[in-house]
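What follows is one structure encoded as structure tokens, with my remarks underneath.
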Amino acid sequence: MDYNKKIQKAAQIIKRAKGLYCLTGAGISTESGIPDFRSPKTGLWEKIDPIKESTVQVLYNNPARFYKIAFPRYASFRNAKPNNGHKALVELESKGILRGIITQNIDNLHYKAGSRKVWEVHGNTRKSYCVGCYVEYPFDEIITQLEKGIEVPQCKKCSEMIRPDIVLFGDSMPDDYYQAVAEIREKCDILLVVGSSLQVQPVSTLPGMVSSLIIINLQPTPYDYRAEVVIREKAGKALMDILTYL
Ligand code: NAD
Ligand code: ZN
């Protein structure tokens, strides 16, 4: 099936949806200049090993190393801007077609684009908190302290470490994840998956809970075989093209 036929087919599926939700991953943000983990060559994965560096073990056992090696990648997302992919999803929601977005991204870009219903299942880079007394700080508090030369950011109340409110390898999943699972189980008949390799657990189990899938991803995913349509195109273009048929 050629590209245009696939776009039309995706639009038809979306039109018959009773509960359309979108699951996004790092691939929707590469067009905003944020490298993903698993694209060949450019993926963050090839430069540092996130499984080794972005873990709770490194954060708690060697926090200075976490703040030196893994953290600057998270801080570098701060000035990124939403692209056509994020914007198309805002449009789909405001047309009353899309019920919500479940994102693995921590880059705040759905939020910045103006999407209203977003479950950030790996946290976000707007907030941080103290691991001792759980008081919340803005994410930028960490950056401010690091810029002052402090190696491990400290809580002003109890002097324990402040950490970003993101899910590292080894962390438990936040409330947003469990809310998203409940929502998907109860209300979702069609899941639009955009820019995710679907290799990170437990989010990778979500497509298995839904009867009908549309996948937009540059590389193959383990769920391609059961998708109604698989579109191998950049997310920004594919989503904008689908919108023209809705
Ligand atoms: P992933 O890196 O495993 O997979 C990204 C997929 O997107 C790849 O299969 C790639 O082919 C595809 N892709 C890349 N650019 C694309 C484009 N323009 N259009 C369509 N597809 C494109 O990402 P994942 O599945 O989200 O898992 C990675 C984990 O890393 C997540 O847990 C996420 O929290 C974290 N992460 C987040 C960010 C971010 O917030 N932007 C960036 C890197 C990693
Ligand atoms: Zn504290």
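Whatever order the structure lists them in is the order used to number ligands and atoms, beginning at 1.
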Against heavy atoms of [X], which atoms of ligand 1 measure under 4.0 Å?
| X | answer |
| --- | --- |
| E31 | 17 (C), 18 (N), 19 (N) |
| G27 | 5 (C), 7 (O), 13 (N), 14 (C), 15 (N), 16 (C), 17 (C), 18 (N), 19 (N), 22 (C) |
| G195 | 5 (C), 6 (C), 7 (O), 21 (N) |
| E233 | 19 (N), 20 (C) |
| A26 | 23 (O), 24 (P), 26 (O), 38 (C), 42 (C), 43 (C), 44 (C) |
| D107 | 39 (C), 40 (O), 41 (N) |

Does the N or O separation between [X] and ligand 1 drop below 3.5 Å for any pair?
| X | answer |
| --- | --- |
| Q219 | yes |
| P35 | no |
| I34 | no |

*Indicate, with yes or no, if L198 and L239 share a hydrophobic cluster defined by side-chain heavy-atom contacts under 4.5 Å among Ile, Leu, Val, Met, Phe, Trp and Tyr.*
no

*Pick whichever of G25, S29, S196 has a heavy atom sitting closest to atom 25 (O) of ligand 1.*
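Selected option, by shortest heavy-atom distance: S196.
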
*Could you pull out, from V194, T30, N124, V200, the option with a heavy atom nearest to atom 27 (O) of ligand 1?*
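The nearest heavy atom belongs to V200.
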
Look at the side chain of [X] and the backbone N and O of [Y], then say whether any donor-acceptor pair between them is shorter than 3.5 Å.
| X | Y | value |
| --- | --- | --- |
| N124 | I106 | no |
| R99 | K117 | no |
| K15 | Y245 | yes |
| Y137 | C155 | no |

*What orientation do F71 and F66 show, parallel under 30°, tilted 30 to 60°, or perpendicular over 60°?*
tilted

Do the charged groups of [X] and [Y] touch, with an N to O distance under 4.0 Å?
| X | Y | answer |
| --- | --- | --- |
| E120 | K127 | no |
| K68 | E151 | no |
| R16 | D189 | no |

Going by atom type alone, with no hydrogens or angles, which donor-acceptor pairs under 3.5 Å involve a side-chain atom of residues 164-175 and a protein atom two or more places apart or on another chain?
residue, atom, partner, partner atom, Å
D171, OD1, R163, NH1, 3.1
D171, OD2, R163, NH1, 3.3
D171, OD2, R163, NH2, 2.7
D171, OD2, L168, N, 2.8

_Angle subtended at the Zn ion (ligand 2) by C158 SG and C130 SG, rounded to 10 degrees_ = 90°

*asked:* Any heavy atom of A80 closer to ligand 1 than 4.0 angstrom?
replied: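 False for this residue.
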
*Does some non-hydrogen atom of R73 fall short of 4.0 Å from ligand 1?*
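Contact absent.
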
Mind checking whether [X] contacts ligand 1 via backbone (N, CA, C, O), side chain (CB onward), both or neither, at a 4.0 Å heavy-atom cut-off?
| X | answer |
| --- | --- |
| Q199 | neither |
| Q104 | both |
| N105 | both |
| A238 | neither |

_Listed once per pair and sorted, the side-chain hydrogen bond (donor to acceptor under 3.5 Å, both in side chains) pairs that draw on residues 232-243, sequence neighbours left out_ =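 Counting only pairs at least two positions apart or across chains, the side-chain hydrogen bond (donor to acceptor under 3.5 Å, both in side chains) contacts touching residues 232-243 are Y3-D241, D224-R232, K237-D241.
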
